[in-house]
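Single-structure report; data block below.
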Amino acid sequence: MLVLTRKLGESITIGNNIKITIIASNSSQVKLGIEAPVDISIYRTEIYQRIMVENQKAAADKTIDAAALRALWRQHVRKS
Amino acid sequence: MKNEHLRFVDAEIHSGQRIAFPDGLLGFPDIKEYQLFDIAPDIPFKTLQATNETDLAFVLMDPFTVFTDYHITLDKQDVKELCEQEAGNLMVLVILTIPPGSPQKATANLQGPLVINVSNYLGKQLVLSQSPYHTRHPLHPLPTLQRHKSNELSTQDFSMSVDKETV
C-alpha cells in the first residue's frame with residue numbers, strides 16, 4: 001500500500017481525473033472531498049464489503065429447494 | 001431523459017429471460033449475464049442463474065410483497081447505466097440468503113437491491129449508503145405483513161425517488 005502524508009487542504013491525484021482532497025480532520029475522523037468522473041462508483045468500503053459478503057453467502061447454497069421455499073412462503077401467509 | 005420515462009412496474013419477466021449485468025454483482029464482477037427463472041407459480045421467489053456458470057445461482061424476491069415500505073433512490077449514474085438507450089420500466093428484486101437446512105431463517109438483502117430495466121434487460125446491483133436498510137432483514141416473521149393486510153396494499157404501492165436535478 002502506498003502511504004502518503006497530506007496536510008489539511010492538500011490533495012492527491014489518482015490517474016488523470018480523480019482528485020481526493022483533505023477537507024477536515026480531527027483525532028478520529030477525516031473528511032475527504034472526492035472529484036471523479038460520474039461513471040466511477042465511490043462506495044464506503046464497509047458497505048460495499050457487507051453486500052459482497054452477503055452475495056457470496058447467498059450464492060453458497062447451490063441447491064434451490066422449491067418445496068422449502070414454498071413452505072417458507074406459506075408459513076408467512078399463515079402467520080399474517 | 002425525463003422523469004416520466006422512468007417508472008417502476010409490477011412487471012412479469014418471461015421465465016428464462018437473459019439479463020445483462022455489465023458490472024456483474026458485487027463479489028462476482030466477471031459474471032455479466034444471468035437468466036431469471038420463476039421457481040413456481042404460487043410463490044413470489046425467482047432464481048437468478050448465471051448463464052455460463054451452472055453452479056452460480058441466487059434466490060430473489062420482489063421486496064415490496066414483504067417490505068411494503070421499501071424505498072430506494074436511484075442516482076443519475078444508475079439511471080444512465082440502466083436506461084442509456086431506452087426509457088426504462090424498472091423492476092426491483094432483492095437477493096435472499098437462505099441458510100442451508102433452515103429456510104425459515106431466510107433474510108433479504110435490502111441494502112444491495114437489483115434493479116432491472118425490463119425494456120432492455122439491463123440490470124445493476126445498487127449499493128445503498130444513505131438508507132435505513134441493511135443486508136440481513138429477516139423474512140420470518142414478516143415485519144410489515146400486518147400492515148400490508150390491514151391497508152389492502154398491493155405490490156404496486158411501492159415508491160421510488162429519482163434525483164430530479166440530475167435526471
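Keep in mind the model is a prediction, meaning the values are calculated, not measured. Chain A is the first sequence line, chain B the second, and so forth, proteins listed ahead of strands; every chain is numbered from 1.
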Heavy atoms from other residues, nucleotides or ligands near [atom1] of [X] exceed 12 (cutoff 6.0 Å):
X: Q29(A); atom1: CD; result: no
X: N26(A); atom1: CG; result: yes
X: N17(A); atom1: CG; result: yes

Proximity breakdown for Q111(B) and chain A, heavy-atom pairs closer than 4.5 Å: both
Which atoms of L114(B) approach chain A - backbone, side chain, both or neither, heavy atom under 4.5 Å: neither
Against chain B, label Y48(A) side chain, backbone, both or neither, depending on which of its atoms sit under 4.5 Å from a heavy atom there. both
Minimum-distance pair of heavy atoms, taken over all atoms of [X] and [Y]:
X: R70(A); Y: A40(B); value: NH2-CB, 3.2 Å
X: A59(A); Y: L56(B); value: CB-CD1, 3.5 Å
X: A58(A); Y: I95(B); value: CB-CG2, 3.4 Å

With clusters defined by side-chain heavy atoms of hydrophobic residues (ILVMFWY) lying less than 4.5 Å apart, directly or transitively, does [Y] cluster with [X]?
X: I40(A); Y: L82(B); result: no
X: I34(A); Y: I23(A); result: no
X: M91(B); Y: F58(B); result: yes
X: M52(A); Y: L93(B); result: no
X: V127(B); Y: I31(B); result: no

Separation between [atom1] of [X] and [atom2] of [Y], rounded to the nearest 0.5 Å:
X: L69(A); Y: K46(B); atom1: CG; atom2: NZ; result: 13.0 Å
X: Q56(A); Y: F28(B); atom1: CD; atom2: CZ; result: 5.0 Å
X: R44(A); Y: Q130(B); atom1: CZ; atom2: CD; result: 5.0 Å
X: K124(B); Y: S41(A); atom1: NZ; atom2: OG; result: 4.5 Å
X: L72(A); Y: F45(B); atom1: CG; atom2: CZ; result: 4.5 Å

Between I39(B) and W73(A), does a side chain to side chain contact (heavy atoms under 4.5 Å, CB included) hold up when you go through it step by step? CA-CA 12 Å; I39(B) 293 175; W73(A) 183 247; over 6 Å; no
Less than 4.5 Å apart, any side-chain heavy atom of D75(B) and any of V38(A)? no
Dump the intermediate steps for side chain to side chain contact (heavy atoms under 4.5 Å, CB included) on R136(B) and R50(A), then the final yes or no. CA-CA 10 Å; R136(B) 317 205 72 192; R50(A) 213 180 295 146; over 6 Å; no
Of the options L128(B), L25(B), L26(B), which is the one that meets I51(A) in a side-chain contact (heavy atoms from CB on, under 4.5 Å)? L26(B)
Is any NZ, NE, NH1 or NH2 atom of the basic residue among D42(B) and R74(A) found under 4.0 Å from an Asp or Glu carboxylate oxygen of the other? yes
Take N109(B) and N55(A) through the side chain to side chain contact (heavy atoms under 4.5 Å, CB included) test and state the conclusion after the steps. CA-CA 9 Å; N109(B) 181 352; N55(A) 278 357; 4.2 Å; yes
Starting from the C-alpha separation in whole Å, work towards a yes-or-no answer on side chain to side chain contact (heavy atoms under 4.5 Å, CB included) for D39(A) and K80(B). CA-CA 9 Å; D39(A) 60 329; K80(B) 195 178 158 199; 6.0 Å; no
